[in-house]
Amino acid sequence: MNRIKKKIKRLKLLITDVKPMILSHHPNCEHFSDHVYHIGKYRFCIGCFTYYPTIILTIIFSILFIDLSLQNLLILYFISYLFF
């Protein structure tokens, strides 16, 4: 029983250590303070917070509003290659 309690305590400690890194993977130091948005007590990575939603919306809008014919797919491929 004591062994299980010890494992649960260690798991809680791990969660409290990892929790700040879930929304922002940058260390909590002055050097990286301009790499994150500070919203209340939470920190959000600027790159991830703006980059991933933009990608998801682009994919959704492409599926909804672009005719995915072979010609359009090739054009989209070359445009994405240029931006890469």
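Hydrogens, waters and symmetry mates are skipped; everything else that's a heavy atom, side chains included, is used.
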Response to the item:
Between the CD1 atom in Ile60 and the CD1 atom in Ile55, the distance rounded to the nearest 0.5 Å is 12.0 Å
Item to complete: Quick one: list whatever passes side chain to side chain contact (heavy atoms under 4.5 Å, CB included) with Leu73, sequence neighbours left out.
Response: Leu68
Practice prompt. Could you tell me how the ring of Phe65 sits relative to the ring of Phe61: parallel (under 30°), tilted (30 to 60°) or perpendicular (over 60°)?
Written response: tilted
Response to the item:
Students should find that the hydrophobic cluster of Leu13, defined by side-chain heavy atoms under 4.5 Å apart, otherwise consists of none
Fill in: Set of ring-ring contact (aromatic ring centres under 6.0 Å, His included) partners for Tyr37, sequence neighbours left out
Phe49
Worksheet item: Partners of Leu82 by side chain to side chain contact (heavy atoms under 4.5 Å, CB included), sequence neighbours excluded?
Response: none
Discussion item. Could you measure the distance from the OG1 atom of Thr58 to the CD1 atom of Ile63? Nearest 0.5 Å is fine.
Written reply: 11.0 Å
Practice prompt. May I ask you to list the residues sharing a hydrophobic cluster with Ile79, side-chain cutoff 4.5 Å, ordered by chain and number?
Written response: Ile75, Phe83
Worksheet, complete the sentence: Only one of Lys12, Arg10, Lys5 passes side chain to side chain contact (heavy atoms under 4.5 Å, CB included) with Ile8, and that residue is Lys12
Worksheet item: Under the side chain to side chain contact (heavy atoms under 4.5 Å, CB included) test, which residues partner Ser69, sequence neighbours left out?
Response: Asp67, Gln71, Asn72
Worksheet item: If you look at every heavy atom in Cys48 and Pro53, which pair is closest and at what distance?
Response: O-CD, 3.6 Å
Fill in: Minimum heavy-atom distance Thr50-Thr54, with the two atoms named
O-OG1, 2.6 Å
Worksheet, complete the sentence: Interatomic distance, CG@Leu11 vs CD1@Ile4, rounded to 0.5 Å, equals 13.0 Å
Fill in: pair Val36-Phe44: side-chain heavy atoms closer than 4.5 Å
no
